[in-house]
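Okay, so here's the structure we're looking at.
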Amino acid sequence: MCGIAGIVSTGQPDAGLVRRMCDVLAHRGPDGAGYHEGPHAVLGMRRLAIIDVAGGQQPVYNEDRTVAVVFNGEIYNFAELRAGLRRRGHRMVTDGDSECIAHLYEEYGDSLVDHLRGMFALAVWDAARGRLLLARDRVGKKPLYWRCDGRSLWFGSELKALAVDPGLARRVDLVALHHYLTYQYVPAPWSIYQEVRKLPPGHILTWQDGRVETHRYWTLPAAPPEPVTSVAQAAERLRELLLEATRIRLMSERPLGAFLSGGVDSSAVVAAMARSASEPVKTFCIGFEDAMFDERAYARIVASRYGTDHHEHVVTSSALEVLPSLAWHFDEPFADASAIPTFYVSELSSQHVTVVLTGDGGDEFFGGYQRYQRYLATAGRLPVPSVIRPGLRGLSSRLAAAGDRPRMRQAARALDVLGQPPSRRYARLVSYFTPEQKLQIYTDDLREQVGGIDSYQLIDQAFAASLAPSRAGRVMDVDIHTYLPGDILVKLDIASMACSLEARCPFLDHHLMEWAAGLPAHLKLRRGTTKFLLKKAMEPWLPRELLTRRKQGFGVPMAAWLRTSFRDLSRDVLTDATARSRGLFRPEAVANMLAEHDQGHDHARLLWALIQFELWHRAYVDTPAVHPAAPPGCRPGVLPA
């Protein structure tokens, strides 16, 4: 696990710049650095040593050093790959997984990615051809940003590595901002900077003589890889696949543990670890003073059942102190407030272990979100006549403004989506700012520049691309290709790597993903039960009270915090002269949202999105041309000026 960066060029790249790019990624790899310097390519990396700690330095090369590789991730099938490569005559000088990539490239070219089982963002420099290959894992566990000016290409694991370059004009991409306000994250291939792009999951990029090409190398299958004859048979197969996916993720020369929230997914992973590990599993849990958001009691049930070495931390409204660090680490505006507890549980875990396993992916592949049920409840209805749609939207607005109760917000959303086509109904369910709300807060200038751009087309495109045969399958596919890589995995990667902690996700093993994608929808959602098959599969492993309780989610009491401990922050950040001077949002509209929230209307999600954008802007755009390295430790002392 590490951070990577580099420059390739038709001329001579700046080796000093690559070193500075890697320096700013030191939190991703505190155990060392390595560089390849050639006439047209400079590659660099920062290493978090986990496999082959003594000898697994990068870059790695083929025998004649004409192929150089830097790599971020873990390849879990590297032992069998190494054995096969040796049989073909390749010579290895390390005992790690990285070196396989150079030799796989010699054997298979760009198709090497098809042979990898794991998480990765990699760069392969082919000196003989003057050609760069970048690739990202199938579902997007590891990030990769790039920029090209027609002569040179820059790449890095985090956007801050590219922002080190004084040649990058850090201008906000207003289309990316427009999409961010809809989804709470900047979706690939956009980045928040005009000149920088993300490589989407499951894609490769090639550069040669200044020309860039990208293409997708992996998609979810349309048909099941094996027939399902009964619920019992499917449950048994799921347990087998999860056990194997967990077992191969236990390889490490450094201490391992697991995030344990008390939900089904993380509990299933801990149960699988306990069946495979020779020592008690170390588990880590975050709780809240507000009982509505606190799941520690359920985590303790699992910890007790499996005799884990359990650790807890309670997140309070003093979380204000971590916001500057989060703004710096996330590189882009990111409005999923669960980044706060994710950061805290990563910090807690890093005090005891170097690797954690998590339950991420279980919701998307096995139907865990309540919004799937809400969508299915409306998707089959006839279109609502246009004459009554304004009335439904008005009622929806009144319900949404009535308070903080989750069921009231759910009812408001359900009314709002009625009468929309299927993809738009789902877009309404998952969006933060609706199109109407965005136009209400935009200045005339911003409205003119992005008002004709439809952010919901991203959901339309994901719906159209889905090969799933059912409506339920299609909405899960949409999340797998949008929300999962754009939000969930970004949050996990950035928060964990901020604390030099590697996170592994058994549910995102591509063998398990492909099997789950082929399951019929009725095995995932059945008669109001979410994750039906996963819960059935876990009946021998987990106590009944965990399997039957209502999904809680990894949220924070943000609505209350914005009326109490975060209140001064929200006003200082959103209404001061700095914020007003940007010319993006109407000051009176923002002030009105703040006032309404104080009066009991729940605008927490919208206000938090605006706060995160402003904090990011102050950390990255309002600073000198070359951004400084991260402040020491995980937490700087003051908010950015």
Side-chain angles (χ1 to χ4, degrees), residues 1-49 56-61 65-73 98 101-102 105 120-127 129-136 142-170 191 193 195-199 205-210 212 328-329 331 497 500 620 624-630:
M1 181 63 66
C2 62
I4 63 174
I7 306 172
V8 295
S9 179
T10 56
Q12 178 60 53
D14 182 346
L17 174 58
V18 173
R19 290 178 180 270
R20 294 192 297 276
M21 293 167 72
C22 288
D23 287 345
V24 84
L25 299 175
H27 54 283
R28 296 186 75 93
D31 296 330
Y35 301 94
H36 166 83
E37 297 183 17
H40 296 288
V42 178
L43 311 181
M45 59 81 66
R46 294 288 313 206
R47 186 182 185 215
L48 179 62
Q57 291 78 15
Q58 296 182 40
V60 290
Y61 299 89
R65 299 178 72 86
T66 57
V67 175
V69 174
V70 289
F71 157 70
N72 170 27
S98 305
I101 297 169
Y105 178 76
F120 55 87
L122 59 86
V124 179
W125 173 245
D126 184 338
R129 300 170 63 188
R131 183 178 186 269
L132 176 74
L133 167 69
L134 300 178
R136 195 170 172 210
K142 293 289 103 183
L144 197 57
Y145 292 83
W146 64 280
R147 167 190 169 220
C148 186
D149 66 1
R151 182 173 179 267
S152 301
L153 182 142
W154 297 254
F155 68 88
S157 291
E158 296 183 10
L159 190 52
K160 63 176 62 66
L162 279 71
V164 165
D165 184 0
L168 172 66
R170 285 184 276 169
S191 88
Y193 294 133
E195 298 177 18
V196 181
R197 288 292 178 262
K198 300 182 182 85
L199 185 63
L205 176 151
T206 58
W207 175 97
Q208 192 169 22
D209 298 326
V212 171
W328 190 87
H329 278 291
D331 288 340
M497 293 308 296
S500 304
Y620 276 98
V626 178
H627 195 273

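Both backbone and side-chain heavy atoms feed into the values below; hydrogens, waters and symmetry mates do not.
Counting only heavy atoms from C-beta outward, the side chains of Leu159 and Arg170 never approach each other to under 4.5 Å. Between Pro39 and Gln12, some side-chain heavy-atom pair lies under the 4.5 Å cut-off. Considering only heavy atoms from C-beta on, Leu43 stays 4.5 Å or farther from Val18 through its side chain. Between Tyr193 and Tyr620 there is a side-chain heavy-atom pair separated by less than 4.5 Å. Taking 4.5 Å as the limit, every side-chain heavy atom of Leu122 sits out of range of all side-chain heavy atoms of Leu134. Between Glu158 and His27, some side-chain heavy-atom pair lies under the 4.5 Å cut-off. Side-chain contact between Trp125 and Trp207 is present, with heavy atoms from C-beta onward closer than 4.5 Å. Between Ser98 and Val69 the shortest side-chain heavy-atom distance does not fall below 4.5 Å.
To the nearest 0.5 Å, atoms CD (Gln58) and CD1 (Ile101) are separated by 7.5 Å. Summarising the geometry, atom SG belonging to Cys148 is positioned 12.5 Å from atom CZ belonging to Phe155; distances are rounded to the nearest 0.5 Å. Interatomic distance, Asp209 CG to Arg131 CZ, rounded to the nearest 0.5 Å: 11.0 Å. Distance CG/Leu144 to CZ/Arg197: 14.5 Å, rounded to 0.5 Å. Separation of atoms OH (Tyr105) and OG1 (Thr66) is listed at 9.0 Å; rounding is to 0.5 Å. To the nearest 0.5 Å, atom OG of residue Ser157 and atom CZ of residue Arg46 are 12.5 Å apart.
Judged by a 6.0 Å distance limit and a 45° cone about the ring axis, Lys198 is not positioned over the six-membered ring of Trp146. With Trp154 as the aromatic partner, Arg147 meets the cation-pi criteria of under 6.0 angstrom to the ring centre and within 45 degrees of the ring axis. Annotation: cation-pi geometry satisfied between Arg19 and Tyr35 (NZ/CZ under 6.0 angstrom from ring centroid, within 45° of ring axis).
A donor-acceptor pair under 3.5 Å is formed between the side chain of Asn72 and the backbone N or O of Cys2. At least one donor-acceptor pair closer than 3.5 Å links the side chain of Lys160 to the backbone N or O of His329. Judged by distance alone, the side chain of His36 and the main-chain N or O of Pro59 form no donor-acceptor pair under 3.5 Å. Judged by distance alone, with hydrogens and angles left aside, the side-chain atoms of His40 form a donor-acceptor pair with the main-chain N or O of Gly11 at under 3.5 Å. Thr206 contributes no side-chain N or O that, together with a main-chain N or O of Leu133, makes up a donor-acceptor pair within less than 3.5 Å. For Gln57 (side chain) and Gly34 (main-chain N/O), no donor-acceptor pair under 3.5 Å exists by modelled atom type.
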Exercise. Can you check side-chain contact (heavy atoms from CB on, under 4.5 Å) on Leu205 and Val212, steps first, answer last?
Worked result: CA-CA 7 Å; Leu205 176 151; Val212 171; 3.7 Å; yes

For this session: Check the pair Val42 / Asp14 against side-chain contact (heavy atoms from CB on, under 4.5 Å), numbers first and verdict last.
Result: CA-CA 8 Å; Val42 178; Asp14 182 346; over 6 Å; no

Problem set entry | Step-by-step salt bridge (charged side-chain N to carboxylate O under 4.0 Å, His left out) determination, Asp31 to Arg47 | CA-CA 5 Å; Asp31 296 330; Arg47 186 182 185 215; over 6 Å; no

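Nearest heavy-atom pair, Ala123 versus Leu132, reported as atom, atom and distance to 0.1 Å: CB-CD1, 4.3 Å. Residues Ser152 and Ser9 approach most closely at OG-OG, 2.7 Å, considering heavy atoms. Considering all non-hydrogen atoms of both residues, Arg28 and Leu48 come closest at O-CB, 3.5 Å.
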